[in-house]
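Order of the sequence lines fixes the chain letters, A, B, ..., with proteins taken first and strands second; residue numbering starts at 1 for each chain.
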Protein chains: 2
Amino acid sequence: MGRIENRIRRLRFDNNEMTQEELAQRAGCTRQTIIALEQGKYVPSIELAFRVAGVFGVSLEEVFQYEDS
Amino acid sequence: MGRIENRIRRLRFDNNEMTQEELAQRAGCTRQTIIALEQGKYVPSIELAFRVAGVFGVSLEEVFQYEDS
DNA sequence: CTCTGATGTAAGCTATACTTGACATTGTGT
DNA sequence: ACACAATGTCAAGTATAGCTTACATCAGAG
């Protein structure tokens with residue numbers, strides 16, 4: 001299998017301390033989803049992953065990393 | 001919204017005409033899933049997307065593209 | 001102290017990724 | 001003609017991403 005980790009929280013703070021609410025709106029999801037993603041409660045769909053990366057203007061792989069195991 | 005497209009079928013043929021069955025085994029999913037992905041019947045999870053890219057030795061974004069709309 | 005903004009928690013619901021298993025089709029080799 | 005490999009189809013089940021709604025906590029500002 002493998003794990004997916006993400007740097008959403010760090011990217012939010014690096015981007016002018018963007019709030020969860022603002023990120024959610026710009027990524028087209030709810031605040032609850034951002035919270036769950038930051039806490040690793042679940043892994044995003046690939047669409048949402050692309051949109052979140054788009055908000056920060058970085059590649060998907062700069063936000064989400066796959067770790068083998 | 002937005003669409004996700006993929007180049008799995010092309011990558012399979014470019015990689016020594018790898019069969020759906022072999023790709024499925026190496027990516028850790030079933031052949032049915034590969035068929036469905038190639039036909040655009042659904043979009044993979046981000047884990048599977050990473051594993052498929054890994055089989056071909058390319059980045060996720062070389063296999064899956066997000067198109068705004 | 002009180003109000004508000006930011007974050008977190010929890011329950012229940014829907015949509016869909018992915019599975020298994022069984023069967024159909026097509027092309028190639030013998 | 002027959003066998004096999006590769007691809008495709010269909011149906012039913014499970015797991016989970018993402019949603020909505022509602023409420024709790026905590027820090028900073030007035």
Query raised in the report: Is any side-chain N or O of A:Thr30 closer than 4.0 Å to OP1 or OP2 of D:dC19?
Result: yes
Requested in this report: Could you pick out which residue, A:Thr19 or B:Pro44, lies toward the 5' side of DNA chain C when each is mapped onto its nearest nucleotide?
Outcome: A:Thr19
Query raised in the report: OP1, OP2 of C:dT9 versus side-chain N and O of A:Gln39: anything below 4.0 Å?
Result: yes
Query - A:Gln20 side chain near C:dG8 phosphate (N/O to OP1/OP2, under 4.0 Å) - result: yes
**Report entry** Salt-bridge contact A:Arg12-A:Glu38 (side-chain N to carboxylate O under 4.0 Å)
**Finding:** yes
Query raised in the report: How close or far is atom P of C:dC23 from atom CZ of B:Arg31, stated in whole angstroms?
Result: 14 Å
Report task. Evaluate the criterion side-chain hydrogen bond (donor to acceptor under 3.5 Å, both in side chains) for residue pair A:Glu61 and A:Gln65; output intermediate values, then yes/no. Result -> CA-CA 6 Å; A:Glu61 276 133 336; A:Gln65 294 84 39; over 6 Å; no
Report task. Rounded to the nearest angstrom, tell me the gap between atom CD in B:Glu22 and atom P in D:dT7. Result -> 11 Å
Query - Protein-nucleotide distance (B:Gln25, atom CD; D:dA6, atom C1'), rounded to Å - result: 13 Å
Query - Atom-to-atom span, CD1 of A:Ile35 to C1' of D:dT20 - whole angstrom - result: 13 Å
Query raised in the report: Quick one: A:Leu37 CG to D:dT16 C1', roughly how many Å, whole number?
Result: 13 Å
Query raised in the report: Side chains of A:Phe13 and A:Met18: does their closest heavy-atom pair fall under 4.5 Å?
Result: no
Requested in this report: Nearest whole angstrom, please: distance from the P of D:dG28 to the CD of A:Glu17.
Outcome: 12 Å
Report task. Look at the side chain of B:Glu62 and the backbone N and O of B:Ser59, then say whether any donor-acceptor pair between them is shorter than 3.5 Å. Result -> yes
Query raised in the report: Are A:Arg3 and B:Glu47 within salt-bridge range, i.e. N to O under 4.0 Å?
Result: no
Query - A:Ser45 vs D:dA17: side-chain N/O to OP1/OP2 distance below 4.0 Å - result: no
Report task. Using only side-chain N and O atoms of A:Arg12, determine if any of them is under 4.0 Å from OP1 or OP2 of C:dT7. Result -> yes
Report summary line: Rounded to whole Å, the CZ-P distance (A:Phe50 to D:dG18) equals 14 Å
Report summary line: Checking C:dC18, D:dT21, C:dA17 against the side chain of A:Gln32 (C-beta onward), the nearest is D:dT21
Query raised in the report: How many Å lie between CZ on A:Phe13 and P on C:dT7, as a whole number?
Result: 6 Å
